[in-house]
Amino acid sequence: MAIGRSGSSSGGSSAAKAAVKKALGEMGFNSSGGAINWFPGHMAAATRAIRDRLKVSDLVIEVRDSRIPLSSVNADLQPHLSKKRRVIALNKKDLANPNVMHKWTHYFDSRNQDCLPINAHSKSSVKKLLDLVEVKLKEVISREPTLLVMVVGVPNVGKSALINSIHRIASSRFPVQEKIKRATVGPLPGVTQDIAGFKIAHHPSIYVLDTPGVLVPSIPDIETGLKLALAGSVKDSVVGEERIAQYLLAVLNTRGTPLHWKHSNNRRMEGIRYEPEEKHDYNLKDLRPKKKPPNVSDVLYIEDMVTEVQRALYFSLSEFDGDVENENDLECLIEQQFEALEKALRIPHKASEARIMVSKKFLTLFRTGKLGPFILDDVPEVNTAS
């Protein structure tokens, strides 16, 4: 068996890309939409509104997904963002491989871009981000007594979670929050408007706008779109859960990730705590079934489900006699793994929607970090000569 050894944390494979193109070929592709209408039309209007709000902002926190630090950007707005004071917040760092994350921070440092991996739900993590924001704004204190910070990012990178955490921190610092008055750029000079935000510092007064700017991701190719879909920034219904699950399996197999799972936890490949019952009632919106074996907690139930999934993928890959760098072989392996996952996830064999049920549960395990931390984007090579 041949395995693409790009590591279990980042890196792609020509076979994975070829398999993806083959699997999705019938859908057609166009970066502006085409057969795949990635985003609704109203997003363009939202982008125009962001440009206007950027004009009155003194600093921008651009939130990206740590698992896709480059795929979760809007290329069209980057020139506008790069002209502003900016901090790139790589959110969901708990879902990203820490062994690769430091390479990403080095990459952004080499491009003179302030970057900080964060967990938007962690108070200490968000405080570090706000400390960096204050440092970045020190140079404008003398010119402007009131400073505005705007949070932007593509869908589902954690903008709202970050703003909620900032709100809690701001409320603890300044229990009585004041309204902001700032001159706005427009056809009538001197016109002011109320802007809602949270005060996070005094002398100077620094406010974070309470409504994030939603960016439309740039999707130059099908794989970028699939990375966004896998991370949850594109609705599953746009591409289809089964295709996203196929892409995830292609990535895992070409990286040899299931083979690494054997060494990650001694218990996982040795078996599980109990024998699953013959039948379960399944709720597609949750990993937890309506009925589960007696005396088994939800935590243990899901942990054992993860164990079964990892064992199924480990054995299917280790016993595979094909070449995962060959797109036809990879496609056959993925088909075998869908059958193995149906058993591992305890999907009723006669279920008419078995594949979609497998896909939804499998994607949930990945997105919640149960399959381990990942970074899907490759770290660009840094040109040290420049």
Side-chain angles (χ1 to χ4, degrees), residues 9-10 57-73 81 84-138 147-175 177 197-202 206-215 227-228 230-233 366-377 379:
S9 53
S10 74
S57 300
D58 300 287
L59 182 142
V60 176
I61 298 174
E62 184 187 358
V63 185
R64 300 185 188 180
D65 191 317
S66 287
R67 297 166 296 178
I68 45 174
L70 287 185
S71 294
S72 54
V73 303
L81 295 173
K84 308 289 295 186
R85 292 174 187 83
R86 172 175 58 165
V87 174
I88 297 173
L90 296 177
N91 191 30
K92 306 185 183 183
K93 70 173 185 177
D94 51 311
L95 300 178
N97 190 320
N99 297 324
V100 181
M101 182 50 64
H102 77 275
K103 296 179 182 178
W104 275 104
T105 54
H106 173 69
Y107 166 75
F108 286 114
D109 287 344
S110 71
R111 296 174 62 85
N112 296 316
Q113 293 178 344
D114 289 285
C115 163
L116 186 69
I118 68 164
N119 178 349
H121 296 285
S122 164
K123 185 177 180 179
S124 61
S125 183
V126 175
K127 277 187 172 180
K128 286 181 182 177
L129 175 63
L130 295 181
D131 289 343
L132 179 56
V133 166
E134 289 189 46
V135 169
K136 290 283 290 178
L137 286 172
K138 291 290 185 186
L147 305 173
L148 298 184
V149 176
M150 182 178 179
V151 177
V152 302
V154 303
N156 204 34
V157 290
K159 299 180 300 298
S160 295
L162 175 59
I163 286 179
N164 288 339
S165 291
I166 290 174
H167 186 197
R168 285 192 289 271
I169 293 170
S171 297
S172 65
R173 291 179 180 178
F174 305 98
Q177 289 282 319
F198 310 122
K199 187 175 184 178
I200 61 167
H202 195 55
I206 301 176
Y207 292 83
V208 177
L209 300 183
D210 71 348
T211 305
V214 182
L215 304 180
K227 288 177 183 177
L228 286 159
L230 184 52
S233 289
F366 172 81
R367 289 167 176 166
T368 54
K370 299 299 183 183
L371 299 181
F374 287 86
I375 295 182
L376 297 167
D377 281 342
V379 184

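Being a predicted model, the structure only gives us computed values, none of them experimental. Just the heavy atoms: all of them, side chains too, but no hydrogens, waters or symmetry mates, feed the values below.
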Any side-chain to backbone donor/acceptor pair from [X] onto [Y]? Under 3.5 Å, distance only.
{"X": "Asn156", "Y": "Gly232", "value": "yes"}
{"X": "Lys159", "Y": "Val154", "value": "yes"}
{"X": "Asp58", "Y": "Leu148", "value": "yes"}
{"X": "Asp377", "Y": "Ser71", "value": "yes"}
{"X": "Ser57", "Y": "Val60", "value": "no"}
{"X": "Arg64", "Y": "Pro69", "value": "yes"}
{"X": "Ser125", "Y": "Ile118", "value": "no"}
{"X": "Thr105", "Y": "His102", "value": "yes"}

Would you please say whether a donor-acceptor pair under 3.5 Å links the side chains of Ser165 and Arg168?
->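 On atom types as modelled, these side chains qualify, holding a pair under 3.5 Å.
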Can you tell me how far the CZ atom of Arg86 sits from the CD atom of Gln113, to the nearest 0.5 Å?
-> 5.0 Å
Locate the shortest heavy-atom distance separating Gly372 from Phe374; write the atom from each residue and the value.
-> O-CD1, 3.1 Å
Where is the tightest heavy-atom contact between Ala161 and His121, given as atom of each residue plus distance?
->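 Shortest heavy-atom contact: CB-CE1, 3.7 Å.
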Could you tell me if the side chain of [Y] sits less than 4.5 Å from the side chain of [X], heavy atoms only?
{"X": "Phe366", "Y": "Leu230", "result": "yes"}
{"X": "Leu116", "Y": "Leu90", "result": "no"}
{"X": "Phe108", "Y": "Ile88", "result": "yes"}
{"X": "Asn91", "Y": "Ser66", "result": "no"}
{"X": "Val126", "Y": "Leu162", "result": "yes"}
{"X": "Val149", "Y": "Leu209", "result": "no"}
{"X": "Leu147", "Y": "Leu59", "result": "no"}
{"X": "Ile169", "Y": "Leu130", "result": "yes"}

Between Val152 and Val63, does a side-chain contact (heavy atoms from CB on, under 4.5 Å) hold up when you go through it step by step?
-> CA-CA 6 Å; Val152 302; Val63 185; over 6 Å; no
Does a side-chain N-to-carboxylate-O contact under 4.0 Å join Arg85 and Glu134?
-> no
Would you please test Val73 and Glu62 for side-chain contact (heavy atoms from CB on, under 4.5 Å) and show each step?
-> CA-CA 9 Å; Val73 303; Glu62 184 187 358; 4.1 Å; yes
Proximity of Phe198 and Phe174 rings by center, below 6.0 Å |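 No, ring centres 6.0 Å or more apart.
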Atom NZ of Lys128: over 12 foreign heavy atoms under 6.0 Å =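 It does not: Lys128 NZ has 12 such atoms or fewer within range.
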Hey, could you give me each pair passing salt bridge (charged side-chain N to carboxylate O under 4.0 Å, His left out) that has a residue in residues 112-126? Not counting sequence neighbours.
-> Asp114-Lys136
Would you sort out whether Trp104 and Ile375 count as a side-chain contact (heavy atoms from CB on, under 4.5 Å), showing the intermediate values?
-> CA-CA 10 Å; Trp104 275 104; Ile375 295 182; 3.4 Å; yes
